[in-house]
Every structure is written in structure tokens, then in C-alpha cells.
There are 2 protein chains.
Amino acid sequence: MDTGTVNTREQGEQVDRQSRILEAALELLSRHGISGVSMRAVAREAGVALGLVNYYYEDKSSLIRAALHSVDKHDLALVAQDPGLSPEEQLRNALRRVAGPELLTTRYLSLRLHLWALARADEDFALINAAAFDRYLDGLAALIGNARPELSAKECRERAADIVVVQNGMWLTALLGVDKESIRRSIARTEEIAFAA
Amino acid sequence: MDTGTVNTREQGEQVDRQSRILEAALELLSRHGISGVSMRAVAREAGVALGLVNYYYEDKSSLIRAALHSVDKHDLALVAQDPGLSPEEQLRNALRRVAGPELLTTRYLSLRLHLWALARADEDFALINAAAFDRYLDGLAALIGNARPELSAKECRERAADIVVVQNGMWLTALLGVDKESIRRSIARTEEIAFAA
DNA sequence: GTGCAAGTTGAACGAGTGTTCAATAGGAAA
DNA sequence: TTTCCTATTGAACACTCGTTCAACTTGCAC
């Protein structure tokens, strides 16, 4: 592949089929859970023949693993540092982002939930997930450390852990349809934890 | 069935087969997720012939529904009132129970997670789950109301919602192996919310 | 043009799925 | 004993699953 040449059939949304297959898998996983993700269903959703799914992803578990990595990468970006802002603003933005409109969609939350459930059932996925969780915790602790330089690394990590508990609760509870006001108050609670004196 | 007569084969743990089938389904669901729960696997785990599973549960989804109800009943008991204690103690006990050794086991948490994921994939399960969630919220709000009679029903409900966010977060994060100290601090946080002036 | 490699297709295979059902066992009632 | 209903079994059915593979198309290098 990537010989540097341009695909001739690149009209409209017909980008490369591999991404469309991955996207289809994410969509099906979010909507119907793992039991809705069959190779045939993925092929159908992506508008592609069955064989092509196994061409780009040798296994079904390779496909799911790719989906997991894709979501993990997305999660990690939430706590990435942004040099254009003050440390306090970076932290506050990161904390508010988790209740932003891009995150608090059914599609994303449902996807996250199904991936967590998957990680409980498969040890390989569990390891990937745990590593991503650790990196997220590190990222959040770093943001806290920048905004509150007087805190020790251990204290930052503790606050990050406490915040993640509330954030995970928000994600999960949002799926059950808890009212928006409770989400707002929970966001405020994460800020209290982060900025506490 | 229940003619009032005693089963002759009631030696040891050989109680009625229907409960053993349900128990097997719960065990498999907790360990391997929904894709590990096949009628055959349930029969094997329960030490029973395949046909018997469909004899007691006409459908696979009836079986899963029974599992859901069983867990929901268990959850609701967490916020049941206990006339032998003062309202404050009842509330405090309920809040601490969610981090108790019976609850914070991998088996229970994993089961809960898989049921949540299942509810996202199947609308019937979602309705059952949402109803159970509401009853749990009501129970918790009632405990708060008893302990803090000066609060309005609306305020109780709000506090209950905020507490549930943290509790759900604890459950979920406990599965990812967050340290026990963070769980302890989160419990304290739920108590702060409940008893705040 | 010919050659070649990557991309793409769908049929085929064996394994596993949920469900049905005729057959059997067991114990209480007659 | 015979009768009858419940409990229990496992074979059988039609179906879906993940995976493999031979065939075919496409586009670039020569």
C-alpha cells in the first residue's frame, strides 16, 4: 500500500476501506454490544465484502483490539497538555471536557461501556485497558501538578484517582439517564477535588 | 411444582434445579460476559441437561431477564430501611455497604457491568434496568430524608443522584483496580454529600 | 502491451448457536 | 398395579459464526 500515489476512486467519503471497517465495528459495538459485532455485520455496515474484513484484520480479536486502541487514544487526548493556556485553564478545561457535548453522547459512552465489559471477559483486552487507564491517570495527575506546583507527585496522583472515580460515575450514570443538573454538580465536585487547598 | 411436599432428592446442595440454572447463568455472565452465556454452557455449569434450561426458561432472554431481576433485587436491598437503627445509622450503613466485602467482589461488580452493557444493547433490559435504578434512587432518597428531616423531597432526591454518581464510579473504577485508599476517600465523599448542612 | 502485487469478492467449511421434541424416569394418586 | 403429570434427557433442526481460499479486478512498473 502507501506508495505515495493517490487513490483513483477517492470520490467523496470513499476513503480507505480499512478505516471504514474499523468505523463500522465501532458503530456496531456501540449500538449492539459485542454480540452485535460479527464479521458479516461489520462488512455489511462498511459496505464491503466479508473477506475484506479478514484481509485487513487477520482476526476478529485484532479488529476489536484496534477498536479498543482507537478509543483509548481518544481518551488520552482529553488530558493532553495545551501549551497555549495557563496550567489552571488546562486543568479546568480537561475536567469540563468530560461533560462536553462530544463526550456525553450515547454513542461514545455506550462504546466505552461495552469495551469495559469486554475487558472483563478477555484478559488481553483487560491489560490494554488497564495500561490506557494508567496513562489517563498520569496525564490528569500531570495537569494537576502543573496547576498546583506545591503538591507532591503522590498527592497529585491521589487527587487524580479521586477525580476519575467521579468521572467514571458520571459516564456510567449518564447512560442511565440521570438528570443534567446532577452531572453539572459532579463536574463541580471534580473541580473542588482538583483545586482544593 | 410446589405441591407443598418435600423433594426426596434433597441431599446436600442439590436444591431445586431451577435456582442452580439461574446461579450458573449469573456465574458465567460475571466471568465471561454475555458471549460466554450459551444455553449449553449454562447447562454444563449447572450440571444439568441442555433441555432442562429451556424447560424452566422458555427463552434465552427469559433466563437473562431472570438474572437481571435477581441482581436488581439484591441492589435494592442495599437501601432498605432497618427499623432497629437510628435514621443516621441506617443512612451511614447503606453508604458504607457499597464498599463492603460482599459488594466489592470482582464477581458482583463484573456481573453488574455486564448487565449494564446488556441493557445498552437490548431495549427490554434497558427498561428493567432503568426502573430498578429509579427504585434504588428512591430508596436512597428516603434514607436521606429520614436522617435529615429538614430537607425537602427534591433536595433528598438531588443528593441521592449525586451520591449514586460517586457510587457508580467506585464500582466501575474498582474493577480497573484503583487503590483501596481512593475507594475509602470516595465513601467519605458520599457521606459528606449525604450529611452536608 | 505483459507482469506483478495489492485489493476485493463470495462460496465453502467446520464449529457452535437457540430451540424443539419424542422418549424416559419418578413419584403421588387411584 | 395402573394412571397421570411433572421433571429430565439428549438427539436433531435450521441457522449463524469466524476463518480460509481460489478466483477476479485494479492500477502501476516495466
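- Between B/R159 and the options B/I144, B/V164, B/L140, a side chain to side chain contact (heavy atoms under 4.5 Å, CB included) holds for only B/I144.
- Annotation: ring-ring contact (aromatic ring centres under 6.0 Å, His included) contacts involving residues 75-104 of chain B, sequence neighbours excluded, are absent.
- B/Y56 places its OH atom 5 Å from the P atom of D/dA7, with the value rounded to the nearest Å.
- The side chain of B/K60 sits closest to C/dT19 out of C/dT19, C/dT8, D/dG18.
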Protein N or O to nucleotides 9-16 of chain C N or O, pairs below 3.5 Å:
from: C/dT9; atom 1: OP1; to: A/R17; atom 2: NH2; distance (Å): 3.4
from: C/dT9; atom 1: OP2; to: A/A49; atom 2: N; distance (Å): 2.9

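- For the pair A/M39 CE and C/dT8 P, the interatomic distance rounds to 16 Å; values are reported in whole Å.
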Scan the side chains in residues 86-93 of chain A for donor-acceptor partners under 3.5 Å anywhere in the protein, sequence neighbours excluded, and list what turns up.
from: A/S86; atom 1: OG; to: A/E89; atom 2: N; distance (Å): 3.2
from: A/S86; atom 1: OG; to: A/E89; atom 2: OE1; distance (Å): 3.4
from: A/Q90; atom 1: OE1; to: A/D82; atom 2: N; distance (Å): 3.0
from: A/Q90; atom 1: NE2; to: A/D82; atom 2: O; distance (Å): 2.9
from: A/Q90; atom 1: NE2; to: A/L85; atom 2: O; distance (Å): 3.1
from: A/R92; atom 1: NH1; to: A/E191; atom 2: OE1; distance (Å): 3.2

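- Here the P atom of nucleotide D/dG27 and the CG atom of A/D16 are 16 Å apart, to the nearest Å.
- In this view, B/K154 and B/S152, B/E158 satisfy the side-chain contact (heavy atoms from CB on, under 4.5 Å) rule, not counting sequence neighbours.
- Spacing between atom OH of A/Y57 and atom P of C/dT8 amounts to 13 Å, rounded to whole angstrom units.
- Contacts classified as side-chain hydrogen bond (donor to acceptor under 3.5 Å, both in side chains) and involving residues 163-174 of chain B (residues at least two apart or in different chains) are given here: A/N168-B/T173, A/T173-B/N168, B/Y136-B/Q167.
- Evaluation of the salt bridge (charged side-chain N to carboxylate O under 4.0 Å, His left out) rule for A/R184 yields A/E181 as partners, not counting sequence neighbours.
- End-to-end axis angle for the helix from C/dG1-D/dC30 to C/dA30-D/dT1, using five pairs per end and rounding to 10°, comes out at 10°.
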Side chains of residues 114-124 of chain A: which donor-acceptor partners sit under 3.5 Å, not counting sequence neighbours?
from: A/D122; atom 1: OD1; to: A/D124; atom 2: N; distance (Å): 2.8
from: A/D122; atom 1: OD1; to: A/F125; atom 2: N; distance (Å): 3.2

Could you tabulate the donor-acceptor pairs under 3.5 Å formed by side-chain atoms of residues 24-33 of chain B, not counting sequence neighbours?
from: B/E27; atom 1: OE1; to: B/R107; atom 2: NH1; distance (Å): 2.5
from: B/E27; atom 1: OE2; to: B/R31; atom 2: NH1; distance (Å): 2.6
from: B/S30; atom 1: OG; to: B/R107; atom 2: O; distance (Å): 3.0

